[in-house]
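Here is how names work: the chains are called A, B, and so on, in the same order as the sequence lines, proteins then strands, and each is numbered from 1.
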Amino acid sequence: MPAGTAPPSGMRDFLPEDVRRREYVIGIIKRVYERYGFEPLETPAAENLETLLGKYGDEEKLIFKILRRGEHEATGQADLALRYDLTVPLARVVAQYQAKLPRPFKRYQIQPVWRADRPGRGRFREFYQCDVDSLGSTSPVVEAELCGAVADAMTELGFSDFVIRLNHRQLLTAMLDSRGVKPNEHMATLVTLDKLDKVGREGVEKELEARGRSRDAIEALMELFAPPQPSAATISKAMEGLRNAYAPSPASVVRDALKGLLDAVPHGQSAIANLKEIVTLAEQTKAKGRITFDRSLARGLSYYTGAIMELNVDGIGSLGGGGRYDNLIGMFSGQQIPACGFSLGLERILVVMTERGMFPPSLATSPADVMVATFDAAGAGPAMRIADQLRQSGLRVMVYPDPDRIGKQIKYADGRGIPFVAILGEDEIRAGRVTIKNLADRTQQTYEQSEAGAAIREALQQRG
RNA sequence: GUGGGUGUAGCUCAGGGGUAGAGCGCCUGACUGUGGCUCAGGAAGUCGCGGGUUCGAUCCCCGUCACCCCCCCCA
């Protein structure tokens with residue numbers, strides 16, 4: 001086996017069938033985002049290295065760096081890097097074009113990003129993100145609308161079991177402060193607590209112990225982050241018919257949970273008020289009944305400053321996430337512009353949709369409606385002429401290029417799912433006619449060449 | 001980065017110290033202007049790579065690489 005024909009690890013080739021599926025999903029997401037007034041944006045694959053550094057926290061080791069070129073290449077130094085996400089490039093763009101862009105500015109962006117991660121199920125080194133962001137407003141309307149747009153897109157894609165988990169960075173900070181966790185230990189502690197939904201309470205306690213936390217400190221943290229679930233009955237009622245592990249909660253349940261937290265963490269007051277507003281507003285959107293408050297949701301990126309969100313379905317990691325990042329743009333321009341966004345992971349969505357068979361059958365389309373078959377080289381000219389004629393009547397037409405045995409040509413068309421073959425032999429050419437063979441019902445009929453297009457269109461319509 | 005598993009034909013995989021197998025796919029013909037079925041034939045593999053043991057290794061041993069799963073992290 002000749003080695004080295006596989007694409008780089010964690011990166012994929014997309015064969016025609018793959019591209020159709022991807023474009024189907026991207027098309028739906030775009031259409032939904034456009035409905036909310038988001039505008040398209042694209043940025044280069046690479047950014048100056050300094051643009052990316054210092055924005056992500058300790059995930060920076062996963063950035064794909066690009067060596068300096070030419071005579072400087074030997075230094076092994078990098079000056080560029082492939083973009084790690086779409087949010088930091090957006091912040092750069094907004095800082096760069098402040099005068100040109102409206103405020104608020106709403107944009108969506110669907111492009112690949114690169115991470116030097118170890119590939120795994122639903123995890124790639126090159127993958128597409130579908131970002132929506134609103135810049136220039138601190139209103140909770142922004143968060144609520146983003147949740148609504150994401151829920152709308154998921155629903156249009158056919159998902160019925162997704163949940164948007166919600167939390168707040170400032171609330172997390174207040175919670176950790178209240179239990180005596182030092183600010184420089186916040187991130188590491190949060191990363192551990194974030195695993196509550198995956199490894200459970202025991203797993204988290206073990207990991208905290210391994211990180212050197214005292215038994216008392218762990219108790220205090222768990223009491224706050226993983227309290228016994230008094231409302232479990234309410235929740236299970238609310239999620240009747242849903243089989244996912246993440247339970248959406250009615251807005252009232254979310255508000256009750258937040259009220260309870262306020263007593264324990266008075267310093268989280270403004271964050272809690274903010275979350276309540278978001279949840280209440282989101283009730284008026286497609287996110288209604290999809291949102292749940294999750295006090296252990298942390299998210300790794302360090303640029304978040306306010307509300308944080310994560311989109312989940314059962315069986316795979318998150319399908320997307322986002323949050324508010326009011327200070328990021330200021331890192332580029334000096335002028336603080338508040339911002340909030342949400343990112344959908346296209347590949348994860350595709351993995352789940354493929355497993356669940358969520359693509360419409362019409363996606364398995366053929367490359368053409370008609371294939372023109374000929375018997376000898378002399379037929380090539382007439383074949384191309386009639387192909388052109390058929391295209392003008394709105395059909396997708398390909399010409400089989402070689403005068404292979406006719407059976408082989410028909411077999412090719414059949415194998416590609418092309419429903420009709422236009423047979424153009426000596427007899428037909430002489431008579432100015434063409435034989436149209438319907439592969440599905442094995443019938444064929446000879447037409448005047450000028451009438452063939454209409455006949456095929458009609459037959460196609462009847463097939464649906 | 002950790003633990004486990006797998007590397008044999010284009011694909012899915014079987015086998016086994018003595019020059020390599022199946023199914024599917026592909027090509028040719030039966031059928032010189034008609035596909036899905038059938039039949040006959042054919043092409044195609046330094047058995048992941050390097051070393052060791054052996055008269056002889058694809059098989060046993062050591063190393064190495066790649067891929068898959070778990071942990072980890074994320075989209």
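Residues forming a ring-ring contact (aromatic ring centres under 6.0 Å, His included) with A/Phe332 (at least two apart in sequence, or on another chain): none. Applying the ring-ring contact (aromatic ring centres under 6.0 Å, His included) rule to A/Tyr128 yields no partners; only residues at least two apart in sequence or on another chain are considered. Legend: residues meeting salt bridge (charged side-chain N to carboxylate O under 4.0 Å, His left out) with A/Asp414, ordered by chain and number and at least two apart, are absent. With sequence neighbours left out, the ring-ring contact (aromatic ring centres under 6.0 Å, His included) criterion links A/Tyr24 to A/Phe359. By the salt bridge (charged side-chain N to carboxylate O under 4.0 Å, His left out) test, A/Asp18 pairs with A/Arg21, sequence neighbours left out.
One interatomic measurement links the two molecules: CG of A/Asp414 to P of B/G35, which rounds to 11 Å at whole-angstrom precision. For the pair A/Gln129 CD and B/C74 P, the computed distance is 13 Å after rounding to whole Å. Between the CD1 atom of A/Ile63 and the P atom of B/C74 there is a distance of 15 Å, rounded to whole Å. Between the CG atom of A/Leu319 and the C1' atom of B/C74 there is a distance of 12 Å, rounded to whole Å. Remark: C1' of B/A75 and CD1 of A/Ile164 are 15 Å apart, rounded to the nearest angstrom. Straight-line distance from the CH2 atom of A/Trp114 to the P atom of B/A75: 17 Å, rounded to whole Å. Distance A/Phe342 CZ to B/C74 P: 15 Å, rounded to the nearest Å. Rounded to whole Å, the distance from CZ on A/Phe159 to C1' on B/A75 is 13 Å.
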Please tabulate the protein-to-nucleotide N/O contacts below 3.5 Å involving nucleotides 67-72 of chain B, giving atom names and distances.
| unit_1 | atom_1 | unit_2 | atom_2 | d |
| --- | --- | --- | --- | --- |
| B/C67 | OP1 | A/Ser9 | OG | 3.1 |
| B/C72 | O3' | A/Lys195 | NZ | 3.3 |

Output a table of nitrogen or oxygen pairs between the protein and nucleotides 28-33 of chain B separated by less than 3.5 Å.
| unit_1 | atom_1 | unit_2 | atom_2 | d |
| --- | --- | --- | --- | --- |
| B/G29 | OP2 | A/Arg405 | NH1 | 3.4 |
| B/G33 | O6 | A/Asp427 | N | 3.1 |
| B/G33 | O6 | A/Asp427 | OD1 | 3.3 |
| B/G33 | O6 | A/Asp427 | OD2 | 2.5 |
| B/G33 | O6 | A/Glu428 | OE1 | 3.4 |
| B/G33 | N1 | A/Glu428 | OE1 | 2.9 |
| B/G33 | N1 | A/Glu428 | OE2 | 3.1 |
| B/G33 | N2 | A/Glu428 | OE2 | 2.8 |

Side-chain atoms of residues 104-112 of chain A: list all donor-acceptor pairs with protein atoms under 3.5 Å, sequence neighbours left out, distances to 0.1 Å.
| unit_1 | atom_1 | unit_2 | atom_2 | d |
| --- | --- | --- | --- | --- |
| A/Lys106 | NZ | A/Tyr36 | O | 2.6 |
| A/Lys106 | NZ | A/Glu145 | OE1 | 2.8 |
| A/Lys106 | NZ | A/Glu145 | OE2 | 3.4 |
| A/Arg107 | NE | A/Gln109 | OE1 | 3.1 |
| A/Arg107 | NH1 | A/Asp133 | OD1 | 2.7 |
| A/Arg107 | NH2 | A/Leu86 | O | 3.2 |
| A/Arg107 | NH2 | A/Gln109 | OE1 | 3.1 |
| A/Tyr108 | OH | A/Glu34 | OE2 | 2.6 |
| A/Gln109 | NE2 | A/Thr43 | OG1 | 3.1 |
| A/Gln109 | NE2 | A/Gln111 | OE1 | 2.9 |
| A/Gln111 | OE1 | A/Thr43 | N | 2.9 |
| A/Gln111 | OE1 | A/Arg83 | NH2 | 3.3 |
| A/Gln111 | NE2 | A/Thr43 | O | 3.4 |

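Listed by first and then second residue, the ring pair (Phe, Tyr, Trp, His ring centres under 6.0 Å) pairs involving residues 407-459 of chain A are A/Tyr400-A/Tyr412 (not counting sequence neighbours). Residue pairs meeting the salt bridge (charged side-chain N to carboxylate O under 4.0 Å, His left out) criterion with at least one member in residues 445-461 of chain A, sequence neighbours excluded: A/Arg433-A/Glu448.
In summary, A/Glu23 and A/Lys30 do not engage in a salt bridge, as defined by a charged side-chain N under 4.0 Å from a carboxylate O. A/Arg123 has no carboxylate O lying under 4.0 Å from a charged side-chain N of A/Glu347, or vice versa, which leaves the two without a salt bridge. A salt bridge links A/Glu143 to A/Arg324: one of the charged nitrogens lies within less than 4.0 Å of a carboxylate oxygen.
With pairs defined as Watson-Crick or G-U wobble and both atom distances under 3.5 Å, the stems of at least three pairs that touch RNA chain B come out as B:3-7 with B:65-69, B:10-13 with B:21-24, B:26-30 with B:38-42, B:48-52 with B:60-64.
Within residues 27-46 of chain A, no residue approaches RNA chain B, by heavy-atom distance under 4.0 Å.
Taking atom P on both B/C59 and B/G17, the two are 11 Å apart, rounded to the nearest angstrom. Between B/C11 and B/C67, the two P atoms lie 16 Å apart (nearest whole Å). Rounded to the nearest Å, the gap between the P atom of B/G42 and that of B/A57 is 30 Å. With both ends at atom P, the span from B/A14 to B/G7 equals 7 Å, rounded to whole Å. Straight-line distance between the C1' atoms of B/U54 and B/C62: roughly 16 Å, to the nearest whole Å. Across B/G18 and B/C60, the matching P atoms stand 12 Å from one another, rounded to whole Å. B/A66 and B/C49 have their C1' atoms separated by 10 Å, given to the nearest Å. Using C1' as the reference atom, B/C68 and B/U28 are 38 Å apart when rounded to the nearest Å.
No side-chain N or O of A/Tyr304 forms a donor-acceptor pair with one of A/Asn167 less than 3.5 Å apart. In this model, no donor atom of one side chain and acceptor atom of the other lie less than 3.5 Å apart for A/Thr435 and A/Gln444. Side-chain contact, A/Ser343 with A/Asp131: a donor N or O sits under 3.5 Å from an acceptor N or O.
Within 4.0 Å of A/Arg115, counting heavy atoms only, lies at least one base atom of the nucleic acid. Within the 4.0 angstrom heavy-atom criterion, no nucleotide atom of any strand lies near A/Tyr412.
Side-chain N/O atoms of A/Arg348 include none lying less than 4.0 angstrom from OP1 or OP2 on B/C74.
A donor-acceptor pair is defined here as one N or O able to donate and one able to accept, closer than 3.5 Å; such a pair exists between the side chain of A/Asp376 and the backbone of A/Ala378.
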